[in-house]
Amino acid sequence: MKQRRTPATTEPDHIPAVVRADFEGRAIQAEAGQSVGAALIGAGITAWRGTRGAGRPRGLFCGIGVCYDCLVTINGQPNQRACLAEVAEGMKIRGTLTRNSDAFSGQVPAKGPRE
């Protein structure tokens, strides 16, 4: 005789913890364990970096750490991939699209054949 299986419950076993971080002065909230990229997308922030030549907006592209479109500065450490870094309570996140960003040098990069 087969054992009877019970249906999965629709209620989660626990409610995920909420962590708070700061993106360029804007408070964001995310579930504990989310990547920085997922937290930014969840907060409605889709672009946080610009291309070298024309400064075209970039954000999450591959989401698995292969490309470098999602680079951010986290707690003062530049060039962190937002898709791989786990968001943490009190984390300070900066992009490269604004003058307030850590990576902004005030210089306009030379335009190359590709962007």
Side-chain angles (χ1 to χ4, degrees):
M1 176 184 224
K2 287 187 178 179
Q3 231 179 11
R4 186 170 178 201
R5 296 180 69 187
T6 58
T9 62
T10 57
E11 300 280 328
D13 289 341
H14 67 286
I15 297 172
V18 174
V19 294
R20 290 162 191 80
D22 174 276
F23 177 73
E24 300 198 357
R26 176 179 168 185
I28 62 170
Q29 291 185 353
E31 292 180 13
Q34 277 188 317
S35 70
V36 170
L40 292 174
I41 297 290
I45 301 165
T46 58
W48 48 83
R49 185 183 83 76
T51 58
R52 285 180 292 186
R56 292 191 178 113
R58 295 291 184 262
L60 204 57
F61 181 68
C62 76
I64 59 172
V66 176
C67 74
Y68 290 87
D69 272 1
C70 66
L71 292 178
V72 291
T73 298
I74 299 174
N75 294 331
Q77 288 209 241
N79 302 320
Q80 303 297 305
R81 284 178 266 186
C83 66
L84 297 179
E86 188 174 318
V87 69
E89 184 68 32
M91 185 177 269
K92 303 281 187 211
I93 307 161
R94 298 263 179 243
T96 60
L97 283 177
T98 67
R99 292 185 181 274
N100 296 333
S101 300
D102 295 337
F104 184 79
S105 66
Q107 298 177 351
V108 177
K111 289 189 178 184
R114 296 188 65 191
E115 297 186 35

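Start at 1 with the first residue, then count along the sequence. All figures in this text were calculated on a predicted structure; none of them were measured in a lab.
- Membership of the apolar cluster around L71 extends to Y68, as traced through chained side-chain contacts below 4.5 Å between ILVMFWY residues.
- Every pair tested for salt bridge (charged side-chain N to carboxylate O under 4.0 Å, His left out) that includes a residue from residues 77-91 fails, sequence neighbours excluded, so the list is empty.
- Using a 4.5 Å cut-off on side-chain heavy atoms (C-beta onward), R56 and R58 make contact.
- Listed here is the closest heavy atom pair of F23 and G95: CE1-N, 3.8 Å.
- Of the possible donor and acceptor atoms, none in the side chain of W48 sits under 3.5 Å from a partner among the backbone N and O of R94.
- Evaluated for a side chain to side chain contact (heavy atoms under 4.5 Å, CB included) with L60, the options I41, T46, L40 yield exactly one hit, I41.
- If you take CD1 on I28 and CG on D22, they are separated by 8.0 Å, rounding to the nearest 0.5 Å.
- Residues C83 and C70 share a closest heavy-atom pair of N-SG, 3.5 Å.
- We find the CG-CD1 distance between L84 and I64 to be 9.0 Å, quoted to the nearest 0.5 Å.
- P57 and A47 get closest at one heavy-atom pair: CB-CB, 3.6 Å.
- Side-chain contact check for I45 versus R26: some heavy-atom pair is nearer than 4.5 Å.
- For residues 63-76, the set of pairs meeting the salt bridge (charged side-chain N to carboxylate O under 4.0 Å, His left out) definition, not counting sequence neighbours, comprises R49-D69.
- Closest of all the heavy-atom pairs between P78 and G76 is CD-O, 3.3 Å.
- In this structure, A88 and V19 approach most closely via the heavy-atom pair C-CB, 4.3 Å.
- Of all the heavy atoms in I93 and A21, the pair that sits closest is CD1-CB, 4.2 Å.
- Note that the CD atom of Q80 and the OG1 atom of T73 stand 8.0 Å from one another [nearest 0.5 Å].
- Checked by atom type and distance alone, the side chain of Q29 never pairs as donor or acceptor with a backbone atom of V18 at under 3.5 Å.
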